[in-house]
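In what follows, a single structure is set out as structure tokens and then discussed.
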Amino acid sequence: MCESFAKDLLAWYDAHARVLPWRISPADRAKGVMPDPYRIWLSEVMLQQTTVAAVKDYFNRFTTRWPDVAALAAAADADVMAEWAGLGYYARARNLLACARAVASAGGFPKTEAGLLALPGVGPYTAAAIAAIAFDLPAVVVDGNVERVTSRIFAMNDPLPAARPKLRDLAAELSPRERPGDYAQAMMDLGATICTPRNPACTICPVFSHCAARRLGIAAELPRKAPKAAKPERAGVVYIARRPSDGAWLIETRPEKGLLGGMPGFPGSDWVAGGAPAHEPPLTADWLTLNGEVRHTFTHFHLSLQVRIARSDAAPRQGEWRADFSPSALPTVMRKAWDLAAPQFHEF
DNA sequence: CAACCGTGGGC
DNA sequence: TGCCCAAGGTT
């Protein structure tokens, strides 16, 4: 099973591997060219729960600005967070910087899966992926793609997430000892382009002859998943203020932990169920409540945000005046509030 | 270990 | 339009 499955998959990958900014082509790898571990690590962290299309521009900007791990390790925290703004899951950016500094101090990336796993922001998947792709070590790489492909190959009917340990064992059965880096990337490409969540293209699949789910006609139904909880509704208020004397904006850096941790934003109320809570404005001013509201959905709740604006020279109780503020450094929900408010400031 | 943690695109 | 989803990690 393993031998012929991997053989068919790798033959397809040799002919159809996608060209990606961080990837070494199978032809180059066959010549002995190895990828830069820094670029593999950076791409894998960016790709956690994030699509290739969303990552590409961020990856190119990061590697242009910080070409190696030493350069990234020397970067200012706020610069890295600003460059990550909009990509989401901001703990990744904080861990990225901590990891870069640990690796730079150590003189390079660990060359074992266990060593990689000990790094901040590097879990079981990412450690295995770096080991396989950057170092061609025979790690068992299991991500969402591999779970989906494997569940179909074996027609595994147990729902996720309970089926995860079984799927990991089955994925290990499929994994060859030869070409682990190309094999891992081939599974990703297969999952991303052919063995997709909906409407899998079984008719052109290079491993259709190995697939039990295709034979049973249930490929599109797998993997089965436990039902998800509904997202509750929350509400809050943000205050956007400008100081006329120098054009500075009132900005609050959010706490390191929790939602949007370490990112800049506008001060405001907590975000709670049951309507916006009573809240004292961050400074005393004649606040204007804007028509309309910001709608945004996070991983586990919907948010409705009221936006209030003012111009003032007062000393803030919350946040600080920042003349160097750039809206490009904002996380998306704050960017939406900015987009609603910015036109109103033209008269100021 | 279940809950928490973003965002944009596809259907 | 609302829901599902995407190369998961941390606590």
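Reminder, nothing fancy here: chain letters follow the sequence lines and each chain counts from 1. FYI, side chains are in, hydrogens and waters are out, and symmetry mates aren't considered; it's all heavy atoms of this structure. Keep in mind the model is a prediction, meaning the values are calculated, not measured.
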Between the side chains of [X] and [Y], does any donor sit under 3.5 Å from an acceptor?
X: A:H210; Y: A:D8; result: yes
X: A:T50; Y: A:R92; result: yes
X: A:S304; Y: A:E233; result: no
X: A:S209; Y: A:R214; result: no
X: A:K231; Y: A:H300; result: no

Find the distance [X]:[atom1] to [N]:[atom2] and express it as a whole number of Å.
X: A:R198; N: C:dC3; atom1: CZ; atom2: P; result: 14 Å
X: A:W41; N: C:dG8; atom1: CH2; atom2: C1'; result: 16 Å
X: A:H300; N: C:dG8; atom1: NE2; atom2: P; result: 19 Å
X: A:H302; N: C:dT1; atom1: NE2; atom2: C1'; result: 12 Å
X: A:M46; N: C:dG9; atom1: CE; atom2: C1'; result: 16 Å
X: A:E147; N: C:dC5; atom1: CD; atom2: P; result: 13 Å
X: A:E256; N: C:dT11; atom1: CD; atom2: P; result: 13 Å
X: A:L160; N: C:dG8; atom1: CG; atom2: P; result: 12 Å

(message) Would A:R322 pass as a cation-pi partner of A:F325, given that its NZ or CZ must be under 6.0 Å from the six-membered ring centre and within 45 degrees of the axis?
(response) no

(message) Check this for me: does any side-chain nitrogen of one of A:D182 and A:R179 sit under 4.0 Å from a carboxylate oxygen of the other?
(response)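 Answer for the salt bridge query: yes.
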
(message) Does this structure show an ion pair linking A:D158 with A:R164, if we count only N-O contacts that are shorter than 4.0 Å?
(response) no

(message) Quick check for you: name the first and last nucleotides of DNA chain B, 5' to 3', having an atom under 4.0 Å from a heavy atom of chain A.
(response)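 From 5' to 3', the first and last contacting nucleotides are B:dC4 to B:dG8.
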
(message) On a heavy-atom basis, which atom in A:F345 and which in A:I240 lie closest, and how many Å separate them?
(response) CZ-O, 3.4 Å

(message) On a heavy-atom basis, which atom in A:Y90 and which in A:G261 lie closest, and how many Å separate them?
(response) CB-O, 4.1 Å

Classify [X] by what it touches in the nucleic acid, base, sugar-phosphate, or nothing, heavy-atom distance under 4.0 Å.
X: A:T50; result: base
X: A:L260; result: sugar-phosphate
X: A:P331; result: sugar-phosphate
X: A:G261; result: nothing

(request) Using the closest heavy atom to pick a nucleotide of DNA chain B for each, name whichever of A:N199 or A:T332 lands nearer the 5' end. (result)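 Taking each residue's closest nucleotide, the earlier one in sequence belongs to A:T332.
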
(message) Go nucleotide by nucleotide along DNA chain B from the 5' end; which of A:K336 and A:G258 gets its closest nucleotide reached first?
(response) A:G258

(message) Just N and O in the side chain of A:K228: are any of them under 4.0 Å from OP1 or OP2 of C:dC5?
(response)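 Yes, A:K228 has a side-chain N/O under 4.0 Å of OP1/OP2 on C:dC5.
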
(request) Look at A:Q48 and C:dG8 and indicate whether a side-chain polar atom (N or O) is within less than 4.0 Å of OP1 or OP2. (result)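 Negative; the distance criterion is not met.
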
(request) Could you please spell out the steps behind the side chain to side chain contact (heavy atoms under 4.5 Å, CB included) verdict for A:L190 and A:C205? (result) CA-CA 8 Å; A:L190 186 73; A:C205 179; 4.2 Å; yes

(request) Kindly indicate whether the side chain of A:E252, heavy atoms from C-beta on, has any atom under 4.5 Å from the side chain of A:F266. (result)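 No, side chains not in contact.
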
(request) Using heavy atoms and a sub-4.0 Å distance, could you list which residues of residues 108-126 of chain A are near DNA chain C? By number, please. (result) A:P120, A:G121, A:V122, A:G123, A:P124, A:Y125, A:T126

(message) Can you list, in residue-number order, the parts of residues 16-24 of chain A that come under 4.0 Å of DNA chain C, counting heavy atoms only?
(response) A:R18, A:L20, A:W22, A:R23

(message) In whole Å, measure the gap between the C1' atoms of B:dC5 and B:dC1 for me.
(response) 16 Å

(message) For the P atoms, the ones on C:dG9 and on B:dG8, what distance do you get once it is rounded to whole angstrom?
(response) 22 Å

(request) Report the residue (A:A127 or A:K231) whose heavy-atom-nearest nucleotide on DNA chain C is the more 5′ of the two. (result)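 That would be A:K231.
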
(request) State which residue, out of A:W287, A:Y239, A:W271, fulfils the ring-ring contact (aromatic ring centres under 6.0 Å, His included) condition with A:H279. (result) A:Y239

